[in-house]
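Report on one structure; see the data block that follows.
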Amino acid sequence: MRPKTKSCSFRSLLKSLPVLLVLTLLVSCGGGERPDHSLRIGVALYTQDDTFISALAQHLEQLAQDEESRIGQKITLLISDSRSNQTTQMDQVDRFLSRGCDVLCVNIVDRTAAAVLVDKAEAENVPLIFFNRQPVDEDIQRWSQTYYVGASAQESGALQGQLVLDAWNEDHSRWDRNGDGVLQYVMLEGEPGHQDSLLRTEYAIAAITDGGVEVERLARDTANWNRAQASARIARWLEEFGDQIEVILSNNDDMALGAIDALSETDRPLEDWPLIAGVDATAPAMEAVAAGQLYGTVHNDDRGQAQAMLNLALALYAGEDPADAVNLVDGHYVWLPYCQVTRENLDAFRRS
Ligand code: BGC
Ligand code: CA
């Protein structure tokens with residue numbers, strides 16, 4: 001990939017001067033300020049304040065550094081924070097393109113805006129990798145150089161539901177506080193319209209009821225993936241429903257930690273808390289599992305997703321077949337598996 005450096009005499013340098021001049025001109029006129037031959041990846045994050053997303057971005061930076069020393073190819077990451085604003089993100093992507101980025105990675109703010117981004121990337125012939133926030137398939141299929149790296153929302157919901165079902169069956173007398181055989185729960189949902197909010201909510205409940213347990217929903221609301229918002233919701237529901245709440249299902253760990261914050265404010269002993277389940281296995285959530293506050297979570301492989309994005313970007317830059325670099329499904333998708341995390345496998349999980 002790296003241009004081969006030949007040792008050259010002064011005479012051969014003179015001979016190649018016109019060529020060098022043309023090259024220099026081409027580079028400086030090409031819109032991008034490209035003094036070197038580095039691979040430039042523009043990465044637009046929907047917001048850097050999101051625990052999962054900022055961890056993924058950190059992995060990406062670390063992996064790019066490691067890869068750089070391994071292959072001797074300079075890799076520059078330009079990372080932008082869209083602050084949950086799609087218009088801002090559009091401007092950031094325009095800037096990435098005008099700065100000569102070779103590949104774009106977009107964590108789209110508003111999933112319905114994907115077609116515009118695909119068209120922008122196609123017009124400049126710059127491959128586009130969406131990640132974590134999944135556009136509809138029609139938008140992904142719009143151009144052959146558009147990809148999605150993520151994890152199946154449906155799978156995470158099903159695994160969370162199974163985790164709760166197993167706990168319920170194992171220690172029924174502990175969790176079924178009113179002894180009616182029905183699982184009374186509240187649901188903390190992520191941003192409305194996000195594939196992970198919709199499908200985790202649906203599949204978590206489906207796994208419990210498919211397992212033969214009847215459920216009763218006491219309340220549901222969005223807390224937009226956010227810890228403080230979740231804490232406020234749970235505080236209100238604790239006032240309203242008291243110890244009728246047997247299970248708190250949360251679409252992600254940050255909101256589950258918000259529930260823990262709200263319960264910690266009460267004088268309830270830990271053994272009387274409802275069962276709380278999250279998704280992500282972020283570092284603070286794993287601490288909460290270790291402390292027995294969070295019953296369990298489902299690992300959302302941030303590092304794996306970052307690695308897949310990088311491998312894909314490198315292959316696309318080198319003009320190689322991306323299917324040789326990542327496990328490509330239907331020519332456009334890379335899916336990372338989820339797995340359950342509870343106190344039982346926490347240590348093994350942390351070591352891996
Ligand atoms: C994660 C959430 C995160 C969201 C952002 C989800 O996959 O589970 O923690 O807030 O992505 O898009
Ligand atoms: Ca009950």
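As the structure lists them, so they are numbered: ligands from 1, and atoms in each ligand from 1.
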- prompt: Going by atom types alone, do Thr222 and Glu191 pair a side-chain donor with an acceptor below 3.5 Å?
  reply: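 Absent: no donor and acceptor within the cut-off.
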
Notebook entry, point to check: Just checking, any donor-acceptor pair under 3.5 angstrom between side chains of Ser156 and Asn300?
Noted result: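 The answer is no; no qualifying pair exists.
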
Quick check on contacts: which atoms of ligand 1 are under 4.0 angstrom from a heavy atom of [X]?
X: His194; value: 4 (C), 5 (C), 11 (O), 12 (O)
X: Asn252; value: 2 (C), 8 (O), 9 (O), 10 (O)
X: Asn300; value: 1 (C), 7 (O), 8 (O)

Next item on the list: Work out whether the distance between some heavy atom of Arg200 and some atom of ligand 1 is less than 4.0 Å.
Entry: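 Within the 4.0 Å threshold, so yes.
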
Check for me whether Asp196 has a heavy atom closer than 4.0 Å to any atom of ligand 1.
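It does; at least one heavy atom falls under 4.0 Å.
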
Below 3.0 Å, can you find an N, O or S atom of Gly181 next to the Ca ion (ligand 2)?
no

State whether Glu216 contributes an N/O/S atom found under 3.0 Å from the Ca ion (ligand 2).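 Short answer: no, not a single N, O or S atom is under the cut-off.
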
Please determine whether a side-chain nitrogen of the Lys or Arg among [X] and [Y] lies less than 4.0 Å from a carboxylate oxygen of the Asp or Glu.
X: Arg227; Y: Asp254; result: no
X: Arg268; Y: Asp272; result: no
X: Arg142; Y: Asp119; result: yes
X: Arg70; Y: Glu67; result: yes

Closest heavy-atom approach to atom 12 (O) of ligand 1 among Asp49, Thr51, Asn224, Asn132 is made by Asn132

**Report entry** Shortest non-hydrogen contact from Ile245 toward Arg177
**Finding:**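 Nearest heavy atoms, Ile245 then Arg177: O-CD, 4.0 Å.
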
| What protein heavy atom sits nearest atom 8 (O) of ligand 1, and how far away is it? |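 Protein heavy atom with the smallest distance to atom 8 (O) of ligand 1: Asp280 OD1, 2.6 Å.
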
among protein heavy atoms, the one nearest atom 10 (O) of ligand 1 is Asp50 OD2, 2.4 Å

Between Trp175 and Tyr295, what is the ring plane arrangement, given parallel below 30°, perpendicular above 60°, and tilted in between?
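Rings of Trp175 and Tyr295: perpendicular, as their planes differ by over 60°.
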
Q) Can you tell me the angle formed at the Ca ion (ligand 2) by OD1 of Asn178 and O of Val182, to 10°? A)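 With the Ca ion (ligand 2) as the vertex, the angle is close to 150°.
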
Row for the Ca ion (ligand 2): angle OE1 (Gln184) to OE2 (Glu246), 10° precision, value 90°

Got an N/O contact under 3.5 Å between Arg133 and ligand 1?
yes

Count the heavy atoms of every other residue, nucleotide or ligand shown that sit under 6.0 Å from CD of Glu214, and state whether that count exceeds 12.
no

Here the N/O/S atom of Asp176 closest to the Ca ion (ligand 2) would be OD1

Notebook entry, point to check: Closest N/O/S atom of Asp180 to the Ca ion (ligand 2), by atom name?
Noted result: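 Of the nitrogen, oxygen and sulfur atoms in Asp180, the Ca ion (ligand 2) lies nearest to OD1.
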
Report task. Using the ring of Tyr46 (Phe, Tyr or Trp, six-membered ring only), decide whether Arg133 places NZ or CZ under 6.0 Å from its centre and within 45 degrees of its axis. Result -> yes

